[in-house]
Colleague: 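Please find one structure pasted underneath; my questions will follow.
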Amino acid sequence: MTVEDSDQVAQRRANLEELKKLGVEAYPRRFDPQASIEEIVRAHGGKTREELEASPITGRTAGRVLAIRSFGKANFLVLSDGRSKIQVYIRQDALSARDFSIYKLLDFGDWVGVEGKLFRTKTNELTIWASQLEFLAKCLLPLPEKWHGLQDVEIRYRQRYLDLIVNPDSRRVFEVRSRVVAAVREFLIGRGFLEVETPMMQAVPGGALARPFVTHHNALDMKLYMRIAPELYLKRLTVGGIERVFEINRNFRNEGISTQHNPEFTMLEFYWAFADYHDLMALTEELLPGVARAATGTDEVPYGDATISLKAPFRRLSLREAAREAASKTLGAEIPAGALRSREAAASIASRLGVEVAPAMGAGKITAEIFETLCEAELVQPTFVYDFPTEVSPLSKQKPDDPDTVERFELYIAGVEIANAFSELNDPAEQRRRFEEQLRQRAGGDDEAHAMDEDYVRALEYGMPPAGGEGVGIDRLVMLLTDSPSIRDVILFPLMRPKAGATHGSPVDE
RNA sequence: GGGCCGCUAGCUCAAUUGGCAGAGCAGCAGACUCUUAAUCUGCGGGUUGAAGGUUCGAUUCCUUCGCGGCUCACCA
């Protein structure tokens, strides 16, 4: 039996028909609430019974019916606007016969508008004593149970609207998310950054090492890629003289799905002319605690069993040193400094650690693998991991005294990479060499290696100012700030495999 | 893609060794003029994710498939 033909739905349809017979419009055009439920509760929730009697207040609001408690001639509704709830007292002798008939035909989930004086019941609950009841929309399908709510995570993700109706915590997560994005914008705009939008569909997908989604433009008959990063476009804008620029938008990567990965995810990227990666660390130490306070009220957030302090300064850890120390500890033998610089030594250490080494991987990539395997999960409190091998960083600027190392850091919190930043490579000749090296990697079977982008190199030839650039995973930041274990908990409509027979989202224009 | 786990009424969950598929909430009928998980009385509600197999008999055991969760790999 499907939901749609259950007896409960038949009953709801019958109640709707009864309403129509009474001359009640089933789907009226509008209602004019004087205030939302949230606003009424905020404005008057602190008033005592005596205060409400002394200076009567009329409330006019609307919401979804989440509970009905009936006593014959005296009845209570609970209305919700998704954030707050308010009780409505439905008394037969206070309402017109029509309005009381509407009450009797209500089902859980229906939308109604009410008007009446605010008072406190014997049990001291703020309540609207309804003098008017308007029917606003029918809920034809039964809602999840009122006490346990909706537990089935699959339905929570597929039918987010149900989750939002019955699980206030879910609503809270997306309100925090909205405040995070707003706070990031405010922070950057306040420091002179210009917000822009760059192409989501690109002929050459670049700016990250990842596999793209492919699509096709009919009129131009050309292959297009959903972007994996906005990086190369934003840096073109710094060439154009936009010295501080940022974008908050979606990236698309055709890779696995996990608690930390959704195929489309939201990224902040910003570029700051005349700054380097040290400046970016300092800015990040301001940005994150500020955003946390704006979104949640605190910069010390619970996450799982841990309490994460986002207060500056963050710990700093050299990637090679972290990998060397962790490997020494795991193997029980001190690895000499510099050993990870040699491919032979690095490969030997990796194989002893059980880290897989592909033939095309150089010392740098092997070191990065060792770091990810041994260290990542241990970095619970905010930690800048800095100075990456050049091999894994084709767009970053080298250190002046060490061409095998670039000025790059990643910020780890709760074992997860939250941000990735570097001093931007702006030497076109060196950039071309890096792209060519990536092409060799690609020829060697690495289909995540970076593609050549001739126009980007040309842009650098016009002169890009020295700049620092950083990407921050907004979804992961929101996970952290809402204590959410899965990225799907912070994305309203995460990608799900369609159910067999489902028509939702099927293409109609082919 | 691999491994492990799950899928039973609208929702949340039971069901002993393989032996009549149940409860609470929701729904329906009734009582009740301040309840708040309201209460009380009575009544309906199932292709146990799908298809096969074993068996006198399958929610239970076996096979395949679907969807999901966790995890490993890849990645941010």
Side-chain angles (χ1 to χ4, degrees), chain A residues 1-12 14-15 49 66-78 85-94 107-109 119-127 129 139-158 162 165-166 207-211 228-229 251-269 355-356 358 368-369 372-373 376 392 410-412 416-420 446-448 471-477 479 485-488 494 496-502:
Chain A
M1 161 128 37
T2 62
V3 183
E4 284 73 14
D5 53 31
S6 72
D7 59 344
Q8 303 210 27
V9 174
Q11 183 58 44
R12 283 164 181 263
N15 284 345
R49 175 179 296 121
L66 284 194
I68 302 173
R69 292 185 283 272
S70 164
F71 297 85
K73 290 171 184 153
N75 311 273
F76 296 91
L77 299 178
V78 175
K85 295 175 182 174
I86 196 163
Q87 180 168 262
V88 178
Y89 184 42
I90 301 281
R91 198 175 146 127
Q92 186 165 6
D93 61 15
D107 289 298
F108 291 138
F119 75 110
R120 285 194 179 273
T121 62
K122 282 178 184 168
T123 50
N124 210 35
E125 173 145 355
L126 183 68
T127 302
W129 192 313
C139 178
L140 287 170
L141 303 178
L143 291 181
E145 197 217 14
K146 61 183 175 185
W147 184 242
H148 296 93
L150 184 61
Q151 302 294 328
D152 185 327
V153 291
E154 181 174 354
I155 298 177
R156 288 186 50 217
Y157 298 152
R158 286 186 192 276
L162 287 180
I165 290 169
V166 301
L209 307 180
R211 280 197 296 272
I228 54 176
N251 289 345
F252 306 87
R253 298 190 186 173
N254 206 341
E255 289 160 355
I257 295 175
S258 77
T259 50
Q260 288 164 36
H261 302 84
N262 193 63
E264 54 177 307
F265 63 101
T266 300
M267 184 92 137
L268 159 70
E269 280 200 17
V355 173
E356 245 182 90
E369 289 288 328
E372 284 173 20
T373 305
E376 246 183 48
V392 295
E410 290 183 347
L411 173 63
Y412 284 86
V416 171
E417 181 189 335
I418 297 285
N420 177 22
D446 183 354
D447 52 5
E448 291 180 4
V472 178
I474 295 294
D475 311 273
R476 289 180 174 180
L477 181 58
M479 285 170 67
S486 169
I487 198 169
R488 291 169 165 191
M496 302 285 279
R497 195 189 298 268
K499 291 282 234 187

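In what follows, chains are A, B, ... by sequence order, proteins preceding strands, each numbered from 1.
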Colleague: Taking B:rG68 as the reference, what is the distance to B:rC61 when you measure between their P atoms (whole Å, please)?
Modeller: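 B:rC61 and B:rG68 have their P atoms separated by 24 Å.
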
Colleague: Between P on B:rA31 and CZ on A:F71, what's the gap in Å once rounded to a whole number?
Modeller: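 Rounded to whole Å, this separation is 15 Å.
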
Colleague: Examine B:rG68: is either OP1 or OP2 under 4.0 Å from a nitrogen or oxygen in the side chain of A:R158? Give yes or no.
Modeller: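 Yes, because at least one side-chain N or O of A:R158 sits under 4.0 Å from OP1 or OP2 of B:rG68.
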
Colleague: Rounded to whole angstrom, note down the P distance from B:rG30 over to B:rG46.
Modeller: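 B:rG30 and B:rG46 have their P atoms separated by 23 Å.
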
Colleague: Determine, for A:R211 against A:E255, whether the closest basic-nitrogen to carboxylate-oxygen distance falls under 4.0 angstrom.
Modeller: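 A salt bridge is absent here (no side-chain N lies under 4.0 Å from a carboxylate O).
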
Colleague: Excluding sequence neighbours, so at least two apart, what forms side-chain hydrogen bond (donor to acceptor under 3.5 Å, both in side chains) with A:Q11?
Modeller: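 Partners of A:Q11 under the side-chain hydrogen bond (donor to acceptor under 3.5 Å, both in side chains) test: A:N15.
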
Colleague: Can you tell me if A:R69 touches the phosphate of B:rA38, counting only side-chain N or O atoms and a distance under 4.0 Å to OP1 or OP2?
Modeller: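 Answer yes for this pair, as a side-chain N or O of A:R69 is under 4.0 Å from OP1 or OP2.
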
Colleague: With distance as the sole criterion, do the side chain of A:E125 and the base of B:rU35 form a donor-acceptor contact below 3.5 Å?
Modeller: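 No such pair is found, so the answer is no.
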
Colleague: When you measure from the side chain of A:F76, which nucleotide among B:rU71, B:rG27, B:rC34 comes out closest?
Modeller: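 Ranking B:rU71, B:rG27, B:rC34 by closest atom to the A:F76 side chain puts B:rC34 first.
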
Colleague: Check step by step if ring-ring contact (aromatic ring centres under 6.0 Å, His included) holds for A:F265 and A:F252.
Modeller: CA-CA 7 Å; A:F265 63 101; A:F252 306 87; 8.4 Å; no

Colleague: Give the minimum heavy-atom separation between A:R120 and A:L126, together with the two atoms involved.
Modeller: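 Shortest heavy-atom separation between A:R120 and A:L126 comes out as NH1-N, 3.5 Å.
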
Colleague: Tell me: CD1 of A:I68 to P of B:rA38, nearest whole Å?
Modeller: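 In whole Å, B:rA38 P and A:I68 CD1 are 11 Å from each other.
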
Colleague: Base, sugar-phosphate, or nothing: which does A:I418 touch, judged by heavy atoms less than 4.0 Å apart?
Modeller: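 Counting heavy atoms under 4.0 Å across all strands, no contact is made by A:I418.
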
Colleague: Rounded to whole angstrom units, what separation is found between the CG atom of A:L141 and the P atom of B:rG27?
Modeller: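 One finds 15 Å between P of B:rG27 and CG of A:L141, rounded.
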
Colleague: Could you check whether the side chain of A:D7 and the base of B:rG45 have a donor-acceptor pair of N or O atoms closer than 3.5 Å, going by distance alone?
Modeller: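 No pair found.
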
Colleague: Checking contacts here: which listed nucleotide (B:rU12, B:rC34, B:rU71) is nearest the side-chain heavy atoms of A:T259?
Modeller: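 Closest of the options to the side chain of A:T259: B:rU71.
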
Colleague: Can you tell me how far C1' in B:rA15 sits from the matching atom in B:rC20, rounded to whole Å?
Modeller: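 Result for the C1' pair: 12 Å, nearest Å.
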
Colleague: With rounding to whole Å, what would you report as the distance between B:rG49 and B:rC11 at their P atoms?
Modeller: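 Each nucleotide's P atom is 13 Å from the other's.
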
Colleague: When rounded to the nearest Å, what value does the distance between P atoms of B:rA58 and B:rA51 take?
Modeller: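 These two P atoms come out 14 Å apart once rounded.
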
Colleague: Is it true that a side-chain atom of A:R12 and a backbone atom of A:C139 form a donor plus acceptor pair closer than 3.5 Å?
Modeller: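 Such a contact is found between A:R12 side chain and A:C139 backbone.
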
Colleague: Under the criterion of centre distance below 5.5 Å and interplanar angle below 30°, is A:F265 classified as stacked on the base of B:rA76?
Modeller: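 Given the distance and angle limits, yes, they stack.
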
Colleague: Could you check A:E417 against A:W129 and say which one's nearest nucleotide on RNA chain B is further toward the 5' end?
Modeller: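 It is A:W129 whose nearest nucleotide is closer to the 5' end.
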
Colleague: P atom, B:rC70 versus B:rU64: distance in rounded Å?
Modeller: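 Their P atoms lie roughly 24 Å apart.
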
Colleague: Look at A:Q260 and B:rA76 and indicate whether a side-chain polar atom (N or O) is within less than 4.0 Å of OP1 or OP2.
Modeller: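 For B:rA76, neither OP1 nor OP2 has a side-chain N or O of A:Q260 closer than 4.0 Å.
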
Colleague: Can you tell me how far C1' in B:rC67 sits from the matching atom in B:rC74, rounded to whole Å?
Modeller: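 Comparing C1' positions in B:rC67 and B:rC74 gives a spacing of 23 Å.
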
Colleague: Rounding to an integer number of Å, can you tell me how far A:D107 CG sits from B:rG27 P?
Modeller: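 One finds 7 Å between P of B:rG27 and CG of A:D107, rounded.
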
Colleague: A:M496 has a side chain; which of B:rC11, B:rG68, B:rC74 sits nearest to it?
Modeller: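 When the side chain of A:M496 is considered, B:rG68 is the closest of B:rC11, B:rG68, B:rC74.
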
Colleague: Angle between ring planes, A:W129 versus A:Y89, binned at 30° and 60°: parallel, tilted or perpendicular?
Modeller: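 Plane angle over 60°, so perpendicular.
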
Colleague: If I compare all heavy atoms of A:A210 with all of A:I228, which pair ends up nearest, and what's the gap?
Modeller: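 Nearest pair, atom of A:A210 first, then A:I228: O-CD1, 3.8 Å.
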
Colleague: For RNA chain B, please output the secondary structure as dot-bracket, reading 5' to 3'. Pairs are Watson-Crick or G-U wobble, both atom distances under 3.5 Å; mark crossing pairs with [ ], other-strand partners with |, unpaired with a dot.
Modeller: (((((((..((((.....[..)))).(((((.......))))).....(((((..]....))))))))))))....

Colleague: With P as the reference atom in both, quote the distance from B:rG19 to B:rG24 in angstrom, rounded to an integer.
Modeller: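 Taking atom P in both B:rG19 and B:rG24, they lie 24 Å apart.
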
Colleague: Can you figure out which of B:rU12, B:rU35, B:rG10 approaches the side chain of A:P142 most closely?
Modeller: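 Per side-chain heavy atoms of A:P142, the pick is B:rG10.
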
Colleague: In whole angstrom, what separates A:L162's CG from B:rC11's P?
Modeller: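 Computing the A:L162:CG to B:rC11:P distance gives 10 Å.
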
Colleague: In whole angstrom, give the distance that lies between atom NZ of A:K122 and atom P of B:rU33.
Modeller: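 Atom-to-atom, A:K122 to B:rU33, this comes out as 12 Å.
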
Colleague: Roughly, in whole Å, what's the span from CD1 in A:I257 to C1' in B:rC67?
Modeller: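 These atoms are roughly 13 Å apart.
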
Colleague: Look at all strands and tell whether A:Q87 reaches a base, only sugar-phosphate, or nothing, counting heavy atoms closer than 4.0 Å.
Modeller: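 Base, at least one base heavy atom under 4.0 Å.
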
Colleague: Hey, is the side chain of A:Q8 pairing donor to acceptor with the base of B:rA26 inside 3.5 Å?
Modeller: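 Answer is yes: a donor-acceptor pair is held.
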
Colleague: If each of A:R497 and A:P263 is mapped to the nucleotide of RNA chain B with the nearest heavy atom, which maps nearer the 5' terminus, i.e. the 5' end?
Modeller: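 Counting from the 5' end, the first nearest nucleotide belongs to A:R497.
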
Colleague: Look at the aromatic rings of A:F76 and A:F71 and report parallel, tilted or perpendicular, splitting at 30° and 60°.
Modeller: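 Judged by the thresholds at 30° and 60°, the geometry between A:F76 and A:F71 is perpendicular.
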
Colleague: Over all strands shown, is A:G473 touching base, sugar-phosphate only, or nothing at heavy-atom distances under 4.0 angstrom?
Modeller: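 Counting heavy atoms under 4.0 Å across all strands, no contact is made by A:G473.
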
Colleague: Using the side-chain heavy atoms of A:E145, tell me which of these nucleotides is nearest: B:rG27, B:rC34, B:rG24.
Modeller: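 Of the options given, the side chain of A:E145 lies nearest B:rG24.
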
Colleague: Does a side-chain N or O of A:S70 approach OP1 or OP2 of B:rA38 to a distance below 4.0 Å, or not?
Modeller: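 For B:rA38, neither OP1 nor OP2 has a side-chain N or O of A:S70 closer than 4.0 Å.
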
Colleague: Count the heavy atoms of every other residue, nucleotide or ligand shown that sit under 6.0 Å from CD of A:E356, and state whether that count exceeds 12.
Modeller: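 12 or below, so no.
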
Colleague: Give the rounded distance in Å between these two atoms: CG of A:L77 and C1' of B:rU35.
Modeller: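 Computing the A:L77:CG to B:rU35:C1' distance gives 12 Å.
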
Colleague: Contact class for A:N262 (heavy atom, under 4.0 Å): base, sugar-phosphate, or nothing?
Modeller: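 The answer is base, as A:N262 lies within the cut-off (heavy atoms under 4.0 Å) of a base atom.
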
Colleague: Kindly give the heavy-atom pair with the smallest separation between A:T259 and A:M479, and that separation in Å.
Modeller: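 Smallest interatomic distance, heavy atoms only, reads O-CE, 3.7 Å.
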
Colleague: B:rC13, B:rU35, B:rG68: which one has an atom nearest the side-chain heavy atoms of A:Q151?
Modeller: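 Taking heavy atoms from C-beta onward, the closest nucleotide is B:rC13.
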
